[in-house]
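Every chain is numbered from 1, with letters handed out A, B, ... down the list of sequences. Keep in mind that this is a model prediction, so the values were computed, not measured.
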Protein chains: 2
Amino acid sequence: MSIAVVNKNAKRGSTVKPDQESTSPPGLSSVKVAPRDRIVTSACELFRQHGIRGIGVDAIAEAASTNKMTLYRHFGSKDDLVCETLRVTSEKSGAMWADIETRFSDNANAQLGAWVTALSDCLQRDQFGCDIANAAVELKEAGHPAHAVIETFKILQRKKLTDLCRRTGIEEPETLADTLLLLLEGARVSRQASGLEGPAQCFQRACRNTLTAFGVGTS
Amino acid sequence: MSIAVVNKNAKRGSTVKPDQESTSPPGLSSVKVAPRDRIVTSACELFRQHGIRGIGVDAIAEAASTNKMTLYRHFGSKDDLVCETLRVTSEKSGAMWADIETRFSDNANAQLGAWVTALSDCLQRDQFGCDIANAAVELKEAGHPAHAVIETFKILQRKKLTDLCRRTGIEEPETLADTLLLLLEGARVSRQASGLEGPAQCFQRACRNTLTAFGVGTS
DNA sequence: CATGGGTGTGACCGTTCGGTAACAAATGAC
DNA sequence: GTCATTTGTTACCGAACGGTCACACCCATG
């Protein structure tokens, strides 16, 4: 699971030290994750659960089983940490794309179908939507460093989907890609506002209808 | 010490008082808006521009040309004020629906077309998306009083659009309504993350395509 | 003129926030 | 073992936050 989300056990005088990992068979124990990585992992999770403005650096450090000082040695500011978590999240999205491409190599239609399925599954599982879009909603200040990361990711995501749509040979790949992106973004935010029984439940069907309307058969 | 966070005009000793309204021809002056209404108006605007967590009650009171004490006499807490602004925003949405119904009475297809046009125009104008959905993204704490307001609005919005779709006589009004809602929600959040040149620019076309695919002609 | 309700004012409270200083402890390479 | 780098710990800072207090004020109603 996760590393103690809200460090209840704390009580600084815990005398024994090895509380790093909950399940730690002595000897080979676990992989010994570096503090920096633990911080990023915890930050990703807590930002997602509470929002960027809804969680403090103290809580993040504690969840990462470290302290604020170490956090600030690796990240000059909370904003820096925010940017790093967004970058990591972007990379995870890249991994999904790679997986789809390897599983359905050279079949654009099947890849589009797999994209819809993957995101639909993700929608069922994750109630907090797209971290990148959520960050854009939350951080409205002009010139916030996260904006560059958000823009980079969104441009890349759009380019990937447009290219994929183009490879199906249809007439308006840009329109299809943008339509699918609107449906996805809408489903993810609608799930947060109205739950799974709201309009979000229609996401997969809406995507299939759209693909059909554009002449893309996903077999 | 300094109470005023963004104390722009302030200068408490402004000697002359009538700075309530900028353009105030002496005599009949303006309509004399009550403090409570000024607070709600300012709060709506500031929450929209900076996010709910991004603005403090001091700044809201100051923008409303009043003070924190008066604010707390009308609203027991910041959360109460948040709920009230969401309610007011909901009512404005209701006004748009009423306008559409009066302009195209007894013509469901035309009303659907007008709905798309109105929201598309709104999308061009307003860069901050749907305040209600943004609040849902920002306020993730379970049991937050705003959730009830959000849910009420989203259910009503969905019901109105579904009923309108049903009145066109098509087969799957629920699916059409949900698809349009996903496109709308997606366009509004995408505009915040990727700007007007992003997928949001496709909103109107995607809606028209969807309407056509469902057999709804908006003439 | 008196009175009372709504309003303005500034100080204040306790908490939390992002961020830093100083020093002790652990760790790993040589 | 030595030594330098990386961590952990504790205390602290200034600022901003949500929220309250006591008191002066304005103004309409009687």
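Distances shown here put every side-chain N or O of B:S77 at or beyond 4.0 Å from the OP1 or OP2 atom of D:dG18. Residue B:T66 places none of its side-chain N or O atoms closer than 4.0 Å to OP1 or OP2 of C:dT7. Not one side-chain nitrogen or oxygen of A:T70 sits closer than 4.0 Å to the OP1 or OP2 atom of D:dT7. The side chain of B:H74 places no N or O atom within less than 4.0 Å of a non-bridging phosphate oxygen (OP1 or OP2) of C:dG6. Residue A:K32 places at least one side-chain N or O under 4.0 Å from the OP1 or OP2 atom of C:dG28.
Checking side-chain atoms of B:E138 against main-chain N and O of B:R53 turns up a donor-acceptor pair under 3.5 Å.
Applying the side chain to side chain contact (heavy atoms under 4.5 Å, CB included) test between B:L184 and each of B:T179, B:V116, B:L119 identifies B:L119 as the sole match. Tested against B:R48 for a side chain to side chain donor-acceptor pair (under 3.5 Å), the candidates B:D126, B:T89, B:T85 yield a single pass: B:D126.
Taking 3.5 Å as the limit, the base of C:dG6 and the side chain of B:R36 contain no donor-acceptor pair of atoms between them. For A:K78 against C:dG19, a side-chain-to-base donor-acceptor contact under 3.5 Å is absent. One donor-acceptor pair, N or O on each side, does fall under 3.5 Å between the base of D:dG8 and the side chain of A:R73.
Sequence order on DNA chain D of the closest nucleotides to B:M69 and A:A34 puts A:A34 first from the 5' end.
Backbone-only engagement by B:I55 is indicated by non-hydrogen atom pairs under 4.0 Å involving sugar-phosphate atoms exclusively.
In this structure, A:D80 places its CG atom 13 Å from C1' of C:dG19, rounding to the nearest Å. D:dG8 atom C1' lies 15 Å from atom CG of A:D58, rounded to whole Å. Atom CD in B:E62 sits roughly 14 Å away from atom P in D:dG18 (whole-Å rounding). C:dG6 atom P lies 15 Å from atom CZ of B:F75, rounded to whole Å. Between the CZ atom of A:R53 and the C1' atom of C:dC17 there is a distance of 13 Å, given to the nearest Å. Rounded to an integer number of Å, the gap from CG of A:N67 to P of C:dG18 is 15 Å. Rounded to whole Å, atom P of C:dT9 lies 15 Å from atom CG of B:L71.
For A:E151, the CD atom counts as loosely surrounded, since its 6.0 Å shell holds 12 or fewer non-hydrogen atoms of other residues, nucleotides or ligands.
Counting only heavy atoms from C-beta on, B:Y72 has its side chain closest to D:dG18 among C:dG19, C:dG8, D:dG18. Across C:dT20, D:dT9, C:dT9, the shortest atom-to-atom separation from the side chain of A:K68 is found for C:dT20.
Under 4.0 Å is where a charged nitrogen must lie from a carboxylate oxygen, and between B:R166 and B:E174 at least one such pair does.
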